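Small disclaimer: the values here were computed from a predicted structure and weren't measured.
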2 protein chains.
Amino acid sequence: MALDTTEITTRRPASVPTLAGLNALEAEAVDLFVGLAQVVGLPKSIGQIYGLLYISTAALSLDDIAGRLDISKGSASQGLKFLRSTGAVRSCDDHESRCDHYEAETGLRALATGFLKEQIEPHIKSGEGRLVRLKRLAAAAPASERAHVVQRVKQLETWHSRAAGLLPLLIRFLGK
Amino acid sequence: MALDTTEITTRRPASVPTLAGLNALEAEAVDLFVGLAQVVGLPKSIGQIYGLLYISTAALSLDDIAGRLDISKGSASQGLKFLRSTGAVRSCDDHESRCDHYEAETGLRALATGFLKEQIEPHIKSGEGRLVRLKRLAAAAPASERAHVVQRVKQLETWHSRAAGLLPLLIRFLGK
DNA sequence: CGATCAGTTCAATATTTTTTGAACAGAGAG
DNA sequence: CTCTCTGTTCAAAAAATATTGAACTGATCG
């Protein structure tokens with residue numbers, strides 16, 4: 001009787017550290033972070049990688065990650081690149097091995113800061129230029145509409161400054 | 001010399017209310033909201049519709065919207081459905097006309113509440129079930145990993161309650 | 001009633017985004 | 001120097017998402 005390798009992933013006992021495939025706990029953690037990633041508009045693979053590193057006891061290499069999650073090395077490389085760039089993952093250079101190993105940053109403040117700074121702040125910044133242009137156009141609108149559109153653009157400016165003010169507050173709230 | 005109809009959209013004088021196409025101010029406003037939509041992971045058409053209604057002096061019908069933005073009636077219908085469901089757009093039943101007319105809700109609090117309640121809250125709710133399962137699995141982990149994974153799951157619970165607590169705070173901050 | 005209009009739905013299509021995998025670059029090891 | 005081992009890049013393929021348009025419902029008008 002031959003081994004059924006197609007189901008080995010879910011059948012492997014939870015207690016055995018595996019080279020490929022996830023145990024039930026890892027699978028659940030990965031799932032949770034995949035969901036989280038989708039909420040904030042990040043690709044699934046990034047959620048998978050972070051989830052696996054988050055729950056893993058030991059730091060993992062790129063090949064570990066690709067193997068365990070059954071994704072390509074390319075995806076793993078790109079995902080790790082993104083996660084490192086936002087500070088969600090650190091490489092803990094382990095001198096025992098030739099290759100880099102990665103571990104999850106688990107401080108909520110650091111995570112939130114990285115995400116907000118990288119994903120949200122640029123949009124708020126670019127909004128400034130947009131508002132300037134809008135303001136000019138609104139001032140040039142025909143008299144019959146001018147009052148209305150000027151008021152709306154003013155409101156947008158309020159929104160903008162609220163959003164800008166919210167960022168540091170958010171970070172502080174999540175901070176400690 | 002023939003009229004160049006391919007550029008009529010941008011060439012039409014700002015002062016003439018149009019049946020199709022946007023004037024410069026409208027185009028700029030629509031663009032701004034398209035960008036905003038993409039930040040929060042909503043389709044472009046939804047940003048377009050809201051942006052047009054936001055800057056428009058008068059309420060617009062579904063056909064107005066589809067025509068001005070050059071999108072299909074189907075898109076416009078679906079987009080308006082979503083926007084109404086989150087409270088971002090109201091239909092102001094205008095008894096002069098047979099068809100419904102729509103206008104933008106411009107209160108930041110109402111907008112934020114609708115978005116958070118519809119798009120974020122469900123995820124936070126479903127997270128609860130996930131955490132329960134994770135907790136069980138963590139408790140059943142092999143002794144060598146148990147301390148670590150139990151700690152991580154505890155941390156996730158903290159994150160979860162922070163997120164849940166953040167929602168009402170956010171609404172309050174944006175509120176007045 | 002039949003005709004027209006306003007709006008919805010949904011399967012097909014188009015578009016955008018993500019993932020893959022093969023080619024490549026650099027860093028040791030032998 | 002050459003070979004192998006890690007990791008990156010990027011064009012092509014696959015998957016996910018949004019948009020279209022035609023068929024349909026229901027309302028109002030004549």
Spacing between [X] atom [atom1] and [N] atom [atom2], to the nearest angstrom:
| X | N | atom1 | atom2 | result |
| --- | --- | --- | --- | --- |
| A/Ile65 | C/dT19 | CD1 | P | 14 Å |
| B/Asp64 | C/dC5 | CG | P | 15 Å |
| A/Leu69 | C/dT18 | CG | C1' | 15 Å |
| A/Ile71 | D/dT8 | CD1 | P | 13 Å |
| A/Asp100 | D/dC5 | CG | P | 17 Å |
| B/Gln38 | D/dT19 | CD | P | 10 Å |
| B/Ile46 | D/dT17 | CD1 | P | 14 Å |
| B/Leu42 | D/dA18 | CG | C1' | 12 Å |

Completion exercise
In terms of heavy-atom contacts, A/Ile49 and A/Gly79 come closest through CD1-CA, 3.9 Å

Fill in the blank from the handout: Assign each of A/Gln78 and A/Leu62 the nucleotide of DNA chain D bearing its closest heavy atom; nearer the 5' end lies the nucleotide of A/Leu62

[X] side chain: which of [options] is closest?
| X | options | value |
| --- | --- | --- |
| A/Ser77 | D/dT9, C/dG7, D/dT20 | D/dT9 |
| A/Ser75 | C/dT20, C/dG28, D/dC29 | C/dT20 |
| A/Arg98 | C/dA27, D/dG7, C/dT20 | C/dA27 |

Does [N] have its OP1 or OP2 closer than 4.0 Å to a side-chain nitrogen or oxygen of [X]?
| X | N | value |
| --- | --- | --- |
| B/Arg84 | C/dG7 | no |
| A/Lys81 | D/dT9 | yes |
| A/Ser45 | C/dT19 | yes |

Practice task
Check whether NZ of the Lys or CZ of the Arg A/Arg152 lies under 6.0 Å from the centre of the six-membered ring of B/Tyr54 and within 45 degrees of that ring's axis.
Solution key: yes

Flag the pair [X] / [Y] as yes when at least one side-chain heavy-atom distance between them is below 4.5 Å, and no otherwise.
| X | Y | answer |
| --- | --- | --- |
| B/Lys135 | B/Val153 | yes |
| B/Leu52 | B/Arg68 | yes |
| B/Leu62 | B/Cys99 | no |

Practice task
Could you check whether B/Lys73 gets within reach of a base, just the sugar-phosphate, or nothing at all, counting any heavy atom under 4.0 Å?
Solution key: base

